[in-house]
Trainee: 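To start, I am sharing the structure in question, which I have written as structure tokens.
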Amino acid sequence: MKKSKEPFNAEQFLRSLTHQPGVYRMYDESGDIIYVGKAKDLRKRVGSYFRAQVDSPKTQTLVKQIVDIDVTVTNTEAEALILENNFIKKHRPRYNVLLRDDKSYPYILVSDHQHPRLAFHRGTRREKGRYFGPFPNGVAVRNSLRLLQKLFPVRQCDDTYYRARSRPCLQYQLKRCLAPCVEGYCTDDEYNEQVELATSFLQGKNQEVIERLVIKMESASAGLEFERAAGYRDQIGGLRQIQERNAITGNQQELDVIGYARQGGIAAVHLLFVRDGSVQGSRSYFPKVPANTDDSEVLVAFLLQFYLNDQVERQLPKEIILPEQNGVNVLDPNQELATLEQALAQQIRMTHNVRGERRQYQVLAQKNALNALESKSHQASTMMMRTQALEQVLDFGRPITRMECFDISHTMGQETVASCVVFDQQGPKKSDYRRYNIKGITPGDDYAAMAQALQRRFDPVKNAKIDAAPMPDILFIDGGKGQLSQAENYFADWSSEATKAAPLLIGVAKGESRKPGLETLILAGNHATIPLSADAPALHLVQHIRDESHRFAITGHRQRRAKVRRTSRLEDIPGIGAKRRQKLLQNLGGLQQVKQASIDQLAAVPGLSRELAETIYHAFRDE
């Protein structure tokens, strides 16, 4: 919804504004939210933007674009912090500090099945269930899963294995699973009880889990169910051992240590995850920071967006050690710190004045933040230098702001995937990466695959669609003259009235030995080659872009190929649901036996009519 384009009357707006705490949202003339802020006193805070003398250039630029302001009143400043964080994550205003949290972190998933499973998960959270994490690395997740398997007999097998079982597997014999896959070994209530205990354990409620198990053990013992009581006893013993082991290793059980560094427009926040008395992992973050933003604002935004992430059930640590600069806390302890603690959780202690072992962790986090900042700055300067070198080699005449590269990947013509990667002057722009599943072509026809990928990428631009991605300055094609000609043919009839002129087309052909440094760059049109030495910065940039497109295509192809292998052909046959698939596999011994079975053998399976048996029989014969 667009806001009014009339000049904003700040004096009139402030006259009716309340002194209560709350959140304010500032809009530009197009109706977009450009800034979200919180205030202990809304009138005083919003009024500070419209004083006669405003020192901050960021605030001066912001105020010039304001055409309207909305406010939401809250009960406390802590509530305002949380609401501000929600608005920032939803609208991502350009004048707020934004945490670009990617999807590469591993989680533990408790799935939303009849019999939930515990699983390792990384990537987009498409599967229904509860996600716990993120963990610093995959090793930490797998160690946690092994521990959970010893404590709680909940299945960790995938669904394909689970559905095909006709008798319990080895995990049941080891007392690490209740075998919910086979009828008669456990009830749904018994299984769900263990899932609830495992979930509580993942939430850090160890003592509560022990107390519940003690009650159940005593109840089972009183009911003369001694074997069941012994199982609860063993679980309690395992949990007690974990608590005792943690008590011996020291006091630093749940500790997050934050390091912070900033230089040249780049901010680096480094997190050390200390668990069980040792560093379990670390991670560097590079928030998007608008110009002229205070360090305290960057850090507050990071803390809120990292810890108040409602998409995951992040287990908060008992203590957070904040960074300091020249012996002074980056945050103002009299204002922001107390409110932050209240917003995150009252039981969390946040401090920067530490000694001993915790001081060593603080210094280590700060060193890592500085190292991450230097690496990021070096990467940015290297990318800029290589881009400028490419401009000179091509005699481009203007700065190169966007480059794209296409590549094709398949196995013997099957599951063909095209990739499109995007680079700007800062390096890879992964949010603009795209994959295209190629269909309707002759298997193995890379030229047709490239032509289809180009159409799907650039037709929206050609047709001036609103949501079309920007045109690149240079389009690299991973391949020789044949692949390049597909791009030439596509752009040959590119209308002069198109949104932008066609990009410069360059083919990237591998040398005879396919070794790095021997690539040939081919210009569209006259197909002239561009001579570049093996150590030329411009060639290193092209190699980086080409390798990234190749990696992205290969990854997509492997994922698609693995998905096909995981999918049972039975799932595509009408009338065959999960229960009938399980009956077929159990009675006939596996998918290969189902494929080879006659109509009479299929019809003999309980619950299958002869008509359905004929459908299954012919479905496999028609493949």
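No experiment lies behind these values; they were computed from the predicted model shown. Scope of the values below: all heavy atoms of this structure, side chains included, with no hydrogens, waters or symmetry mates. In this chain, residues are counted from 1 in sequence order.
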Trainee: State, yes or no, whether a side-chain contact exists between R94 and Q65 at a heavy-atom distance under 4.5 Å.
Mentor: yes
Trainee: Using a strict 4.0 Å threshold on nitrogen-to-oxygen distance, state whether K462 and D459 make a salt bridge.
Mentor: no
Trainee: Looking at every heavy atom in both A268 and A369, which two are closest together, and how far apart are they?
Mentor: CB-O, 3.7 Å
Trainee: With a 4.5 Å cut-off on side-chain heavy atoms, are L42 and V73 touching?
Mentor: yes
Trainee: Set out, in order, the CA-CA distance, both residues' side-chain angles and the distance that settles salt bridge (Lys or Arg N to Asp or Glu O under 4.0 Å) for D158 and R117, then state yes or no.
Mentor: CA-CA 8 Å; D158 59 38; R117 70 186 180 106; over 6 Å; no
Trainee: Would you check if L504 and L475 make a side-chain contact, meaning some heavy-atom pair closer than 4.5 Å?
Mentor: no
Trainee: Could you tell me whether R92 and D32 make a salt bridge, using a distance below 4.0 angstrom between a side-chain N and a carboxylate O?
Mentor: no
Trainee: For the residue pair V36 and H91, establish whether any side-chain heavy-atom pair is separated by less than 4.5 Å.
Mentor: no
Trainee: Taking T293 for the side chain and V289 for the main chain, is one N or O donor matched with an acceptor at less than 3.5 Å?
Mentor: no
Trainee: Could you pull out the closest heavy-atom pair between R45 and A39, with the gap in Å?
Mentor: CB-CB, 3.4 Å
Trainee: What closest approach, in Å, do E404 and P470 show between heavy atoms, and which atom pair accounts for it?
Mentor: OE2-O, 3.8 Å
Trainee: Is a side-chain donor or acceptor of D28 paired with a backbone partner of G31 at a separation under 3.5 angstrom?
Mentor: yes
Trainee: Within a strict 4.5 Å, meaning less than it, do heavy atoms of the V23 and V71 side chains meet?
Mentor: no
Trainee: Answer yes if the ring centres of F50 and F13 are under 6.0 angstrom apart, and no otherwise.
Mentor: no
Trainee: Among residues two or more places apart or on two chains, list those pairs meeting ring pair (Phe, Tyr, Trp, His ring centres under 6.0 Å) that have a residue in residues 441-483.
Mentor: F458-F491
Trainee: Keeping D445 on the side-chain end and A448 on the backbone end, is there a donor-acceptor pair under 3.5 Å?
Mentor: yes
Trainee: Just by modelled atom types, is the T416 backbone N or O under 3.5 Å from a matching donor or acceptor in the H557 side chain?
Mentor: no
Trainee: Using 0.5 Å steps for rounding, measure from the CG atom of N437 to the NZ atom of K439.
Mentor: 6.0 Å
Trainee: Using the ring pair (Phe, Tyr, Trp, His ring centres under 6.0 Å) rule, collect all pairs that involve residues 400-437, keeping only residues at least two apart or in two chains.
Mentor: F423-H544, Y433-F552
Trainee: Check whether the side chains of H270 and N371 place a donor and an acceptor atom closer than 3.5 Å, and report yes or no.
Mentor: no
Trainee: Once you round to the nearest 0.5 Å, how far does OH of Y260 lie from CZ of F302?
Mentor: 11.0 Å
Trainee: Is there side-chain contact between R457 and P472, with heavy atoms separated by less than 4.5 Å?
Mentor: yes
Trainee: Ignoring hydrogens and geometry, is there a side-chain-to-backbone donor-acceptor pair from N96 to L98 under 3.5 Å?
Mentor: no
Trainee: Under 3.5 Å, is there a donor-acceptor pair between the side chain of K481 and the main chain of I522?
Mentor: no
Trainee: How close do V417 and R560 get, heavy atom to heavy atom, and via which atoms?
Mentor: CG2-CD, 3.9 Å
Trainee: Do the charged groups of R398 and D473 touch, with an N to O distance under 4.0 Å?
Mentor: yes
Trainee: Which value, rounded to the nearest 0.5 Å, describes the distance between I545 atom CD1 and C405 atom SG?
Mentor: 7.0 Å
Trainee: Determine whether a donor-acceptor pair (N or O, by modelled atom type, separation under 3.5 Å) exists between the side chain of N526 and the backbone of A528.
Mentor: yes
Trainee: Is the backbone of G129 close enough, under 3.5 Å, to the side chain of S111 for a donor and an acceptor to pair up by distance?
Mentor: no
Trainee: Rounded to the nearest 0.5 Å, what's the gap from OG on S381 to CZ on R386? Could you check?
Mentor: 10.0 Å
Trainee: What's the shortest heavy-atom distance between H550 and D478, and which atoms?
Mentor: ND1-OD2, 4.4 Å
Trainee: Show your working on side-chain contact (heavy atoms from CB on, under 4.5 Å) between Y24 and L17 and close with a plain yes or no.
Mentor: CA-CA 11 Å; Y24 54 92; L17 193 57; over 6 Å; no
Trainee: How far apart are the C-alpha atoms of Y27 and I34, what are their side-chain angles, what is the distance that settles it, and do they pass the side-chain contact (heavy atoms from CB on, under 4.5 Å) test?
Mentor: CA-CA 6 Å; Y27 296 82; I34 56 175; over 6 Å; no
Trainee: Without swapping roles, check the side chain of Q305 against the backbone of V97 for a donor-acceptor pair under 3.5 Å.
Mentor: yes
Trainee: Find the distance between CZ (R546) and CZ (R551) and round it off to the nearest 0.5 Å.
Mentor: 14.0 Å
Trainee: Mind checking what makes side chain to side chain contact (heavy atoms under 4.5 Å, CB included) contact with Q263, not counting sequence neighbours?
Mentor: L373
Trainee: Do L394 and I530 have side chains that get closer than 4.5 Å, going by heavy atoms?
Mentor: yes
Trainee: Tell me if a side-chain donor or acceptor on E391 pairs with a main-chain N or O of I400 at a distance below 3.5 Å.
Mentor: yes
Trainee: Which distance, rounded to the nearest 0.5 Å, do you find between the CE of M450 and the CG of L484?
Mentor: 9.5 Å
Trainee: Give a yes/no verdict on a cation-pi contact between K38 and F87, requiring under 6.0 Å between NZ or CZ and the six-membered ring centre and an angle within 45° of the axis.
Mentor: no
Trainee: Tell me whether the NZ or CZ atom of R25 lies within the 45° cone about the ring axis of Y35 and under 6.0 Å from its centre.
Mentor: no
Trainee: For I88 and P93, work out which heavy atoms get closest and say how close.
Mentor: O-CD, 3.8 Å
Trainee: Under the side-chain contact (heavy atoms from CB on, under 4.5 Å) criterion, do D432 and D424 qualify, and how do the steps go?
Mentor: CA-CA 11 Å; D432 285 6; D424 58 17; over 6 Å; no
Trainee: Go through L505 and I477 one step at a time and tell me if the side-chain contact (heavy atoms from CB on, under 4.5 Å) criterion holds.
Mentor: CA-CA 8 Å; L505 304 177; I477 304 295; 5.6 Å; no
Trainee: Answer yes or no: is there a side-chain heavy-atom contact under 4.5 Å between T555 and Q559?
Mentor: yes
